[in-house]
A.B. asks: 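I have a structure I would like to understand better, so I am pasting it below and will then ask my questions one at a time.
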Amino acid sequence: MKATKVRTALVGCGKVGHLHAAALKTLPASDFVAVCESNLERGRAFAQKYGVKFYATIDDLIASGTAEMITVATPHPLHAEPATKAAQAGLHVLVEKPLAASLADCDAILAAARRSGGLLGMICQRRFYEPCLRIRRAIDEGKLGYPILGTVTMLGWRDAAYYRSDSWRGTWCGEGGGVLVNQAPHQLDLLLWYMGEIDEIFGYWANLNHPTIEVEDTAVTVIRFKSGALGNVIVSNSQNPALYGKVTVHGSNGASVGVQTDGGAMFIAGMSNITEPPLNDLWTIPGEENFLAQWRQEDAAHFNSINVVEYYHRLQIGDFLQAILDQRLPMVTGEQGRRTVELFTAIYRANRDRRAIRFPLVLEAGRDDFDGRCPGHPLGRGIEIVTGAI
């Protein structure tokens, strides 16, 4: 008889962990059995809240044989250790965005999953937004001809209280980067999903108005895709109040489509709500120009009928669980997650080297500058330094 449930566990009991736990607790295909957290007091309280077992380390969780699948919701540089160990043990692994903070860590996770045959995915729940899916369908159906220009514009705001809310925020060691690593991966993932493989990029990053943090608050990039299409990325945490996050695709037949994934105050897990519905803000496909008003009305009504903070995480985690049961790939794979890390890594390297960076990227041997983010930083050495409790 075909299995109908997967025994699931969560690694990391911080703010975003509650979104994962809510999904794992309520999805029909999930038998939520355990959590893992190095902060013993927080972990035990979290486990009691959701009625599951508590483990202090990933090794203890794996040794228990309790779970078949884990979701990883630790700070970004700490994704690699639990994800790699769980994959090596044959568990299926779903990781919060980004897949990891470095390409070395991405490759370690991917290699472990390939050896074991377990599924590996990355959370990018904005792919499940109805306006984002419309763009993907329009591209697949040839309604744009083919994409020739793609842009990301994400103008957000993070204040001092945000960076004080957790000790790891705004640090190279704790966060792995700034706007590129934490806020922009959703939009970068959508751009790559729509536009395809990259051939070459050039970019800059800077910290322009956040003097109390180490990491970048602004980055700009120009892209040439392997298809010949061009692209542009502008991302920032320096606009108060936050403005919007948008992804736009222009086609060879002159048609253009766009999505505003985020509007107004930017969502912060455990600290704020999503205040505006995602919407298609541009749509000039011949014969479909007048659909925008109807779609906006439908999308707003749907937005107001759900707990939007949890809903799309639940959709993606549900897709991953069903992929396990159906023995198919999930909608967002580990390989696709690596592409986002490859893109922001290339931006860091381009800024360091003041030159265009060709794809695919290879790991840099003999350097300790974390791909140009911070000279002499130990994270440049890869997964071996990501040790200890989670």
Side-chain angles (χ1 to χ4, degrees), residues 76 97-104 106-107 146-156 172 175-210 214-239 244-252 256 258 335-375 377 379-380:
H76 317 126
K97 63 80 188 166
L99 184 62
S102 71
L103 283 178
C106 287
D107 289 347
Y146 53 88
I148 61 170
L149 176 64
T151 66
V152 167
T153 307
M154 195 200 75
L155 303 176
W172 293 116
E175 194 165 8
V179 65
L180 286 169
V181 174
N182 197 339
Q183 287 77 43
H186 288 294
Q187 287 75 23
L188 298 181
D189 172 77
L190 288 171
L191 183 71
L192 293 168
W193 193 36
Y194 297 151
M195 300 298 297
E197 300 290 336
I198 293 176
D199 179 43
E200 184 177 62
I201 72 104
F202 190 87
Y204 291 104
W205 65 265
N207 183 320
L208 300 177
N209 68 349
H210 287 77
E214 300 173 358
V215 298
E216 85 283 350
D217 60 24
T218 305
V220 297
T221 311
V222 292
I223 301 172
R224 183 173 65 209
F225 294 94
K226 290 189 182 300
S227 66
L230 300 178
N232 172 248
V233 173
I234 300 174
V235 293
S236 177
N237 282 335
S238 297
Q239 289 68 50
Y244 48 72
K246 298 186 177 187
V247 183
T248 305
V249 180
H250 305 275
S252 59
S256 300
E335 286 79 4
Q336 291 169 334
R338 185 190 188 276
R339 294 172 65 204
T340 300
V341 179
E342 185 178 31
L343 175 50
F344 66 62
T345 297
I347 298 170
Y348 287 124
R349 291 187 188 180
N351 185 83
R352 176 195 66 193
D353 299 343
R354 295 299 194 268
R355 65 177 178 86
I357 303 297
R358 298 296 302 273
F359 281 54
L361 270 63
V362 296
L363 302 184
E364 293 184 325
R367 300 191 70 130
D368 272 351
D369 66 356
F370 199 15
D371 289 313
R373 298 173 226 197
C374 44
H377 196 283
L379 282 180

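Because the structure is predicted, anything quoted here is derived from the model rather than measured.
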A.B. asks: For the backbone of Thr221 and the side chain of Asn232, can you confirm whether one donor and one acceptor N or O come within less than 3.5 Å of each other?
C.D. replies: yes
A.B. asks: Give, for atom CG of Asn182 and atom NZ of Lys97, the distance between the pair rounded to the nearest 0.5 Å.
C.D. replies: 4.0 Å
A.B. asks: Which residue, Leu343, Leu188, Val341, forms the side chain to side chain contact (heavy atoms under 4.5 Å, CB included) with Pro98?
C.D. replies: Val341
A.B. asks: What pairs with His186 under side chain to side chain donor-acceptor pair (under 3.5 Å), at least two apart in sequence or on another chain?
C.D. replies: Arg126
A.B. asks: Output the distance between atom OG (Ser102) and atom CD (Glu364), rounded to the nearest 0.5 Å.
C.D. replies: 11.5 Å
A.B. asks: My understanding is that only residues two or more places apart in sequence, or in another chain, count here; which of them pass side chain to side chain donor-acceptor pair (under 3.5 Å) with Ser252?
C.D. replies: none
A.B. asks: I'd like to know whether Gln187 forms a side-chain contact (heavy atoms from CB on, under 4.5 Å) with Val235, so could you lay out the CA-CA distance, the side-chain angles of the two residues, the decisive distance to 0.1 Å, and finally the verdict.
C.D. replies: CA-CA 9 Å; Gln187 287 75 23; Val235 293; 5.8 Å; no
A.B. asks: Quick check for you: to the nearest 0.5 Å, what is the distance between Thr153 atom OG1 and Lys246 atom NZ?
C.D. replies: 8.0 Å
A.B. asks: Is it true that a side-chain atom of His76 and a backbone atom of Glu175 form a donor plus acceptor pair closer than 3.5 Å?
C.D. replies: yes
A.B. asks: At what distance, to the nearest 0.5 angstrom, does CD of Glu216 lie from CH2 of Trp172?
C.D. replies: 5.0 Å
A.B. asks: Check whether any side-chain heavy atom of Phe359 sits under 4.5 Å from a side-chain heavy atom of Ile201, and report yes or no.
C.D. replies: yes
A.B. asks: Does a side-chain heavy-atom distance below 4.5 Å link Ile198 with Arg339?
C.D. replies: no
A.B. asks: Is the backbone N or O of Pro360 less than 3.5 Å from a side-chain atom of Glu342, with the two atoms forming a donor-acceptor pair by type?
C.D. replies: no
A.B. asks: Return all side-chain donor-acceptor pairs below 3.5 angstrom for residues 189-197, not counting sequence neighbours, or 'none' if the list is empty.
C.D. replies:
unit_1: Asp189; atom_1: OD1; unit_2: Arg127; atom_2: NH2; d: 2.9
unit_1: Asp189; atom_1: OD2; unit_2: Arg127; atom_2: NE; d: 2.8
unit_1: Tyr194; atom_1: OH; unit_2: Cys132; atom_2: O; d: 2.8

A.B. asks: Once rounded to the nearest 0.5 Å, what's the spacing between atom CZ of Arg373 and atom CG of Asn351?
C.D. replies: 12.0 Å
A.B. asks: Can you name the residues that form a side chain to side chain donor-acceptor pair (under 3.5 Å) with Asn209, not counting sequence neighbours?
C.D. replies: Ser238
A.B. asks: Is the backbone N or O of Val215 less than 3.5 Å from a side-chain atom of Asn207, with the two atoms forming a donor-acceptor pair by type?
C.D. replies: yes
A.B. asks: Do Arg352 and Trp205 have side chains that get closer than 4.5 Å, going by heavy atoms?
C.D. replies: no
A.B. asks: Working to the nearest 0.5 angstrom, can you tell me the gap between Phe370 CZ and Tyr348 OH?
C.D. replies: 7.5 Å
A.B. asks: Check Arg338 with Asp107, please: is the shortest side-chain N to carboxylate O separation under 4.0 Å?
C.D. replies: yes
A.B. asks: Go through the steps to decide whether Val179 and Asp217 satisfy the test side-chain contact (heavy atoms from CB on, under 4.5 Å), and finish with yes or no.
C.D. replies: CA-CA 5 Å; Val179 65; Asp217 60 24; 5.6 Å; no
A.B. asks: With side-chain contact (heavy atoms from CB on, under 4.5 Å) as the test, would you mind laying out the steps for Met154 and Val247 before giving the verdict?
C.D. replies: CA-CA 8 Å; Met154 195 200 75; Val247 183; over 6 Å; no
A.B. asks: Taking side chain as C-beta onward, heavy atoms only, is Pro147 less than 4.5 Å from Phe225?
C.D. replies: no
A.B. asks: For Arg355, give me all partners under salt bridge (Lys or Arg N to Asp or Glu O under 4.0 Å), at least two apart in sequence or on another chain.
C.D. replies: Asp353
A.B. asks: In the structure I gave you, are the side-chain heavy atoms of Ile357 and Glu200 within less than 4.5 Å of one another anywhere?
C.D. replies: no
A.B. asks: Could you walk me through whether Thr340 and Leu99 pass side-chain contact (heavy atoms from CB on, under 4.5 Å), step by step?
C.D. replies: CA-CA 8 Å; Thr340 300; Leu99 184 62; over 6 Å; no
A.B. asks: Which residues satisfy the ring pair (Phe, Tyr, Trp, His ring centres under 6.0 Å) test with His210, sequence neighbours excluded?
C.D. replies: Trp157, Tyr163
